[in-house]
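The block underneath contains the structure these notes are about, expressed in structure tokens.
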Amino acid sequence: MHLFRAPNCTYYTRICYPKSLRDMGFPFDVKISLLTKTRAIAKKRNLRVILAVNQAMDSITTETVPGEFKSSLNKQIDAVRLSFSDVSAEGVPLRFATKGKIEVRGPNLAVKQCEQVPLKLALEMFISSKSKEGVRTLTVQQLHQRISHFIDAIKPDFTDEVTSACALGYRDLLLDEGRSHKTNKDYLAASSQLFKWCCLMQFTDANPFALITLKQHSLVEPNSARTRWQKRDLQALFSHEEFQKAENDLKWATLLMMFQGLRPSEACQLRTADVIKQEGLYCIKINNGGEKQRVKNASSLRILPIHQFLLKHGFIELVERANKAKRVQLFSYIPTNQNEDWSRQYCQYFGRMQNRMGMKPGSRPTPYGFRHTFIDELKQHEVDENIVAELVGHKNQKITFGRYGKKYKISLLKKYVDVISYDIDCTRLF
DNA sequence: TCTTTAATACCTTCCTCAGT
DNA sequence: ACTGAGGAAGGTATTAAAGA
């Protein structure tokens with residue numbers, strides 16, 4: 001019997017049976033993994049597991065059937081592991097020394113003393129704590145909305161009233177209400193987050209949502225979740241008078257998505273200064289240098305050579321005109337409402353235009369679909385996944401640091417953006 | 001043990017509807 | 001046309017489990 005340590009504090013305990021037992025027909029050994037914050041906690045927990053296994057082994061007689069013993073041992077080990085949930089990550093017991101009295105301190109919260117914490121108060125405190133984490137306001141708003149949905153449905157008054165049975169009942173209710181699988185998962189995750197926080201605050205002993213799952217998997221294939229634009233859709237769009245008479249901003253933003261694979265918001269927030277020259281080639285720099293300009297995440301930062309189609313139809317001239325007019329933003333789109341949503345105006349104009357074209361919401365391809373189309377076209381042309389990932393700003397974990405870590409040359413990327421060709425007639429567009 | 005793959009948690013953005 | 005609200009999906013990081 002020995003302990004060894006694996007990276008990131010996963011501790012494995014491997015228990016090898018003594019030879020005498022192996023001779024009796026116990027050809028297996030037991031492997032237990034424990035994930036903890038510190039080595040000290042892992043050691044303590046391992047000792048408890050080993051104790052349980054030792055006790056079980058002592059009960060082995062010549063009558064013991066190996067298969068049955070294995071399953072009963074597994075149950076005992078699980079029971080020990082489950083008992084760890086009464087201990088927080090730092091190894092501090094969650095139970096109070098003075099049970100029932102709760103003391104809360106926070107910058108904006110007076111010291112409170114009460115027998116139980118009202119759930120709505122806990123929610124407000126959680127939300128206020130969450131909004132300090134530097135996440136987008138919409139994220140916090142969405143969390144609030146989804147947890148409120150749970151509270152309104154089940155109507156518990158206090159944090160410690162919520163049992164796993166309540167949580168399960170709520171799950172069933174969600175399943176009846178007919179949202180998508182992923183949305184249901186996110187609803188459950190929101191409430192789970194609240195109770196996780198309640199555990200840390202010592203408002204509750206356990207997270208009632210911890211073991212609640214949805215089981216049935218989403219039937220939607222990940223790569224067909226949103227429909228791409230087929231070539232005939234693109235041709236129909238280009239030859240439709242609604243698109244031809246649309247504002248230039250809308251046309252150009254659309255072209256940027258089609259030919260460069262930009263996200264709608266990335267196209268809408270482009271500045272004139274983001275069109276640069278590198279290695280002698282015109283490029284678009286996706287960055288967060290401007291006022292209110294932002295990127296989705298670190299891997300979104302990238303420099304893209306501009307596609308020949310855009311060059312041919314006057315993209316550089318457009319930028320130069322904007323420069324001459326001393327415009328900071330390339331387009332007239334501005335981040336609207338408190339969410340500072342850059343793509344909203346564009347997406348709404350585009351959606352209304354599609355309505356006029358007779359394309360029905362829900363079944364029509366959407367602006368984000370241009371990005372799917374871009375990626376899919378490159379995929380169909382057997383372009384290396386790493387190249388595509390870099391063009392669209394995805395993180396690619398397959399590239400090993402130090403070996404393939406260098407960025408591709410702009411001239412190489414240029415060769416690949418130009419692979420895009422939709423073969424559409426655009427003589428009347430410009 | 002070490003590596004690879006699958007599942008989950010969490011955050012951000014996009015899409016649509018209804019009210020004004 | 002603009003907003004708020006809520007549903008839906010995209011995407012990364014972390015964690016669990018399986019494989020070699």
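Just so it is clear, the model here is predicted, and its values are computed rather than measured. Just so it is clear: chains get the letters A, B, ... in the order the sequence lines come, proteins before strands, and each one is counted from 1.
- A:D418 pairs by the side chain to side chain donor-acceptor pair (under 3.5 Å) definition with A:K414, not counting sequence neighbours.
- Atom CG of A:L194 is separated from atom P of B:dA9 by 15 Å (rounded to the nearest Å).
- The nucleotide whose nearest atom lies closest to any side-chain atom of A:R263 is, among B:dT16, C:dA1, C:dG11, C:dG11.
- Using a 4.0 Å cut-off between charged nitrogen and carboxylate oxygen, A:R302 and A:E266 count as a salt-bridge pair.
- Two residues are said to be in side-chain contact when any heavy atoms from C-beta on lie closer than 4.5 Å; A:F309 and A:I420 fail this criterion.
- As judged by a 4.0 angstrom heavy-atom cut-off over every strand, A:Y349 is placed among residues touching the sugar-phosphate backbone only.
- Five base pairs at each end of the helix from B:dT1-C:dA20 to B:dT20-C:dA1 define two local axes, and these are offset by 20° (rounded to 10°).
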Enumerate all atom pairs, one protein N or O and one N or O from nucleotides 10-12 of chain B, separated by less than 3.5 Å.
{"residue": "B:dC10", "atom": "OP1", "partner": "A:K196", "partner atom": "NZ", "Å": "2.9"}
{"residue": "B:dC11", "atom": "OP1", "partner": "A:K130", "partner atom": "NZ", "Å": "3.1"}
{"residue": "B:dC11", "atom": "OP2", "partner": "A:K130", "partner atom": "NZ", "Å": "3.3"}
{"residue": "B:dC11", "atom": "OP2", "partner": "A:Q193", "partner atom": "NE2", "Å": "3.4"}
{"residue": "B:dT12", "atom": "OP1", "partner": "A:R136", "partner atom": "N", "Å": "3.4"}
{"residue": "B:dT12", "atom": "OP2", "partner": "A:R136", "partner atom": "N", "Å": "2.8"}
{"residue": "B:dT12", "atom": "OP2", "partner": "A:T139", "partner atom": "OG1", "Å": "2.6"}

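- Within 6.0 Å of the CZ atom in A:R356, the count of heavy atoms belonging to other residues, nucleotides or ligands exceeds 12.
- Contact annotation: A:T366 does not reach the phosphate of B:dC14 (side-chain N/O to OP1 or OP2, under 4.0 Å).
- The side chain of A:R344 contributes no N or O atom lying less than 4.0 Å from OP1 or OP2 of C:dC2.
- Base engagement by A:T183 is indicated by at least one non-hydrogen atom pair under 4.0 Å involving a base atom.
- Ring centers of A:W229 and A:F370: under 6.0 Å apart, within the cut-off.
- For A:K185, counting side-chain heavy atoms from C-beta on, the closest listed nucleotide (B:dT8, C:dG4, C:dA1) is B:dT8.
- At distances below 3.5 Å, at least one donor-acceptor pair connects side-chain atoms of A:R364 with backbone N or O atoms of A:M359.
- Taking 4.0 angstrom as the limit, A:H372 places a side-chain polar atom (N or O) nearer than this to OP1 or OP2 of C:dG10.
- The base of C:dT3 sits within donor-acceptor range of the side chain of A:Q348, with an N or O pair under 3.5 Å.
- Atom pair A:D152:CG and C:dG6:P shows a separation of 10 Å (rounding to whole Å applied).
- Closest-nucleotide positions on DNA chain C for A:Q345 and A:R179 were compared, and the one nearer the 5' end corresponds to A:Q345.
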